[in-house]
Number of protein chains: 2
Amino acid sequence: MSDLLERLRARGWRMTSQRRVVAEVLAGEHVHLTADEVHARAVARLPEIARATVYNTLGELVAIGEVVELSTDGRAKRYDPNAHHAHQHLVCSNCGLIRDVHPTGDPLTVLPPEERFGFTVSKADVTYRGLCPACA
Amino acid sequence: MSDLLERLRARGWRMTSQRRVVAEVLAGEHVHLTADEVHARAVARLPEIARATVYNTLGELVAIGEVVELSTDGRAKRYDPNAHHAHQHLVCSNCGLIRDVHPTGDPLTVLPPEERFGFTVSKADVTYRGLCPACA
DNA sequence: TTCTTGACTTGGACTCTGTCCATCGTAGGA
DNA sequence: TCCTACGATGGACAGAGTCCAAGTCAAGAA
């Protein structure tokens, strides 16, 4: 976690208390929080932090590749701090629980050239869906 | 397209002019429209149709499996009438263009049992991302 | 054909998520 | 310590979608 703070400092980020708190919230637990959840946890540590600041910081973290943005349900985007290990997501269709998973092989290889329609394909996001043990 | 209307009638749907128009808009072109785009096209045929009715009808079509809902960008959901042939989506990261694609093999098989965490996994949604020929 | 009724539609208010912007505050270099 | 440009603030705004009370009408019954 201070890892992340180090990397941000190395990138020339001005280290404000707000940015520190957002980075700490994300680094603290490997779950997939919405922006509002990040804000709620941040407020617990720094009551005056504004919603817009959380959105700005999350957007910047995504832009530099420290955090991955995912929208598994078309509602609020979620932020995944586990950006340095390629993985996909397994989502419970009932309760929304999300787990990081690691399929075998590279999902890009199964898309043959004639199915790429001239696109330069750079990545594949896979969302596995089903029921978690508690909902099944 | 009258195919779809037949199937809806067979399911006991009350065939109102609104539902007919929404079904026709979707069946008419194999693109991926947002709810608002469906509404705009529906209004062209039936000026009084309400936005809520379009949302209701789309939701019902999704629920019975006649239409697939996709959210490729975390913004408006899109509706894909091509629900009877399994496929995935290829999205341009720049302009948002979406194409239906058919990868080889079944994406579910690459998720080993020990990576399923007790979930009953029923499907995999794959979004390939890259640049389309026009944006590359 | 007309009647009846409950399913469907309407439209406006509301919620949720996210963005914008003018103003204020402060981190960090000189 | 002082400066100043970068970042934070908070309130207004926008886009997407949901909700609900009241009105309408498709389709079966008579």
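Numbered from 1 within each chain, the chains take letters A, B, ... in sequence-line order. Atom set for the values below is all heavy atoms of this structure, side chains included, hydrogens, waters and symmetry mates excluded.
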**Request:** Could I get the full list of salt bridge (charged side-chain N to carboxylate O under 4.0 Å, His left out) partners for B/R20, not counting sequence neighbours?
**Result:** none
**Message:** Are the side chains of B/T109 and A/T104 in contact, using a 4.5 Å heavy-atom criterion?
**Reply:** no
**Request:** Starting at CG of B/L90, measure out to SG of B/C132 and round the result to the nearest 0.5 Å.
**Result:** 9.0 Å
**Asked** Would one find more than 12 heavy atoms of other residues, nucleotides or ligands at under 6.0 Å from atom NE2 of B/H85?
**Response** no
**Asked** What pairs of residues pass the side chain to side chain donor-acceptor pair (under 3.5 Å) test when at least one of them lies in residues 49-63 of chain A, not counting sequence neighbours?
**Response** A/R19-A/E60
**Message:** Just so I know, are the side chains of B/K123 and A/Y128 near enough to count as touching, which here means a heavy-atom distance under 4.5 Å?
**Reply:** no
**Message:** Going by the rule ring-ring contact (aromatic ring centres under 6.0 Å, His included), which residues pair with B/H102 if we only count those two or more places apart in sequence or in a different chain?
**Reply:** none
**Nucleic acid contacts - residues 57-69 of chain A versus DNA chain D, non-hydrogen atoms under 4.0 Å** = none
**Complete:** 5' to 3', nucleotides 24-30 of chain D under a 4.0 Å protein heavy-atom cut-off (B base, S sugar-phosphate only, - none) gives -BBS---
**Request:** Mind checking side chain to side chain donor-acceptor pair (under 3.5 Å) for B/R41 and listing every partner two or more places apart, or none if nothing turns up?
**Result:** B/E29
**Item:** From B/R45 atom CZ to B/Q18 atom CD, the distance as rounded to the nearest 0.5 Å
**Value:** 14.0 Å
**side chain to side chain donor-acceptor pair (under 3.5 Å) against B/R116, all qualifying residues, sequence neighbours excluded** = none
**Message:** To the nearest 0.5 Å, what is the distance between CG on A/L58 and CG on A/L26?
**Reply:** 6.0 Å
**Complete:** Against the side chain of B/A76, the closest entry in C/dG11, D/dA16, D/dG7 is D/dA16
**Message:** Under 4.0 Å, heavy atom to any atom of DNA chain C: which of residues 36-45 of chain B qualify?
**Reply:** none
**Item:** Nucleotide-resolved protein contact map, nucleotides 18-23 of chain D, B/S/- at heavy-atom distance under 4.0 Å
**Value:** BB----
**Axis-to-axis angle between the two ends of the helix from C/dT1-D/dA30 to C/dA30-D/dT1 (five base pairs per end, rounded to 10 degrees)** = 20°
**Request:** Any chance you could measure B/H89, atom NE2, to B/T72, atom OG1, to the nearest 0.5 Å?
**Result:** 8.5 Å
**Rounded distance [0.5 Å steps], CG in B/L4 versus CD in B/E24** = 9.5 Å
**Sequence-distant partners of B/H32, side chain to side chain donor-acceptor pair (under 3.5 Å), two or more places apart** = B/D80, B/D100
**Request:** Let me know the distance between CD1 of A/I49 and P of D/dG11, rounded to the nearest Å.
**Result:** 16 Å
**Message:** I'd like to check the salt bridge (charged side-chain N to carboxylate O under 4.0 Å, His left out) partners of A/E66; sequence neighbours left out, ordered by chain and number.
**Reply:** A/R7
**Item:** 5' priority, DNA chain D, between B/A35 and A/R19 [closest heavy atom]
**Value:** A/R19
